[in-house]
There are 2 protein chains.
Amino acid sequence: MTLDPLDERIIGILGRDGRRSYARIGHEVGLSAPAVKRRVDRLLDTGAITGFTVVVDETRLGWQTDAYVELYCTGQPQPGQLARDVGRVPEVVSACTVTGDADALLRIRARDVRDFERVLDELAQLDYVARTKTTLVLSHLVDRPRPDSRKNGSR
Amino acid sequence: MTLDPLDERIIGILGRDGRRSYARIGHEVGLSAPAVKRRVDRLLDTGAITGFTVVVDETRLGWQTDAYVELYCTGQPQPGQLARDVGRVPEVVSACTVTGDADALLRIRARDVRDFERVLDELAQLDYVARTKTTLVLSHLVDRPRPDSRKNGSR
DNA sequence: CCTGAAACGTCGACGGG
DNA sequence: CCCGTCGACGTTTCAGG
């Protein structure tokens with residue numbers, strides 16, 4: 001699966017403003033609105049684009065506690081089971097298996113520290129979880145939806 | 001800053017489909033399209049909503065290496081300087097200061113392992129960076145744009 | 001908050017490079 | 001194959017109630 005430079009520019013523009021009209025995008029990249037739509041539709045079909053979403057300020061919406069939690073497990077839980085189990089906890093916003101000592105690394109968003117403790121308890125009760133290690137997020141320095149693919153020369 | 005239950009539902013819908021029309025949203029929550037637009041505009045004004053974006057499958061677009069990098073620094077670099085420095089590296093998709101031994105935790109998206117090594121070198125050359133510790137992501141289990149705020153009763 | 005009407009955007013069908 | 005133009009339809013947006 002390979003991307004046209006025009007596709008990359010379109011994705012870049014949609015990354016900065018997911019609701020920009022096809023006509024405006026076309027004007028910026030030198031295509032007509034239908035041509036842009038056809039490309040976006042194709043990108044959706046092939047799965048390169050998986051959807052559109054709103055970006056919210058989590059902290060302002062009351063999710064004040066942000067943390068990474070490493071999971072140390074007994075044995076090797078099936079990745080499928082692990083995914084299902086942690087996916088059931090709504091405060092888990094991301095989870096992945098990783099190299100290193102821990103078996104999985106979770107990103108948690110909780111209302112406050114008290115709420116976070118409850119989530120941690122919930123995770124510790126999964127029978128294959130031996131222990132957890134928490135790293136609290138203090139301040140956010142950078143947050144991008146995706147890597148910047150312009151070929152460096154900005155600034 | 002407090003949110004109406006209607007605002008929460010609207011944000012929830014936009015989270016699942018950031019391009020859904022105000023008319024359809026209005027139909028789902030029991031408002032007219034202009035009423036929905038006014039709410040979304042207000043949420044944008046107050047900063048609760050910071051924008052709209054496209055969701056892409058990074059792996060399919062050629063960003064095959066995903067890793068967490070802990071930064072250990074000499075002294076306490078100013079958070080502002082750190083943010084500026086790591087923000088200049090396009091492969092850094094997120095960065096935050098954290099509790100624990102490390103001073104900062106970065107999320108990196110690189111084209112491949114070779115590309116990742118280059119990024120790591122770039123980070124190591126910042127003069128206040130003493131050492132780094134990499135954790136490679138193996139497989140993604142969960143990935144949500146934000147915590148699920150439905151009050152648990154699903155499944 | 002809703003309703004209406006004008007401006008705007010979307011999206012299929014069609015023809016040309 | 002991918003592009004552009006056109007026209008019908010849906011949506012946004014602002015006025016007024």
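Per chain, numbering begins at 1; letters A, B, ... match sequence-line order.
- Counting only residues at least two apart or on different chains, no ring-ring contact (aromatic ring centres under 6.0 Å, His included) pair has a member in residues 40-65 of chain B.
- Residues passing the side chain to side chain donor-acceptor pair (under 3.5 Å) test with A:Asp115 are A:Arg118, sequence neighbours excluded.
- Between B:Asp41 and the choices B:Arg39, B:Lys37, B:Arg38, the side chain to side chain donor-acceptor pair (under 3.5 Å) rule is met once, by B:Lys37.
- Take B:Val55 and apply the side chain to side chain contact (heavy atoms under 4.5 Å, CB included) test, not counting sequence neighbours, and it matches A:Thr50, A:Thr53.
- In this structure, A:Val113 shares a hydrophobic cluster with no other residue, the cluster being traced through Ile, Leu, Val, Met, Phe, Trp and Tyr side chains under 4.5 angstrom apart.
- Five base pairs at each end of the helix from C:dC1-D:dG17 to C:dG17-D:dC1 define two local axes, and these are offset by 30° (rounded to 10°).
- Remark: A:Arg20 engages A:Asp17, A:Glu28 in a salt bridge (Lys or Arg N to Asp or Glu O under 4.0 Å) (not counting sequence neighbours).
- The nearest heavy atom of DNA chain D to B:Arg19 and to A:Asp4 marks one nucleotide each, and the one closer to the 5' end goes with A:Asp4.
- Partners of B:Arg16 according to the side chain to side chain donor-acceptor pair (under 3.5 Å) rule, which considers only residues two or more places apart in sequence or in another chain, do not exist here.
- First and last contacts of DNA chain C with chain B, using any nucleotide atom under 4.0 Å from a protein heavy atom and ordered 5' to 3', fall at C:dC1 to C:dT3.
- Proximity of A:Arg39 to the phosphate of D:dC3: a side-chain N or O atom is located under 4.0 Å from OP1 or OP2.
- Sorted by first and then second residue, the ring-ring contact (aromatic ring centres under 6.0 Å, His included) pairs involving residues 68-103 of chain A (not counting sequence neighbours) are A:Tyr68-B:Tyr68.
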Audit row: B:Glu58, B:Val93, side chain to side chain contact (heavy atoms under 4.5 Å, CB included) steps and yes/no: CA-CA 12 Å; B:Glu58 323 278 348; B:Val93 295; over 6 Å; no
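- Counting only residues at least two apart or on different chains, no ring-ring contact (aromatic ring centres under 6.0 Å, His included) pair has a member in residues 98-144 of chain B.
- Across the protein-nucleic acid pair, A:Lys37 atom NZ and D:dT11 atom P stand 14 Å apart, rounded to whole Å.
- Atom pair A:Tyr22:OH and D:dT12:P shows a separation of 13 Å (rounding to whole Å applied).
- For DNA chain C, the residues of residues 23-35 of chain A within the heavy-atom distance limit of 4.0 Å (strictly under) are A:Ala23, A:Pro34, sorted by number.
- With sequence neighbours left out, B:Thr59 forms a side chain to side chain contact (heavy atoms under 4.5 Å, CB included) with B:Asp57, B:Gln64, B:Arg109.
- When rounded to the nearest whole Å, the span between CZ of A:Arg38 and C1' of D:dC1 equals 11 Å.
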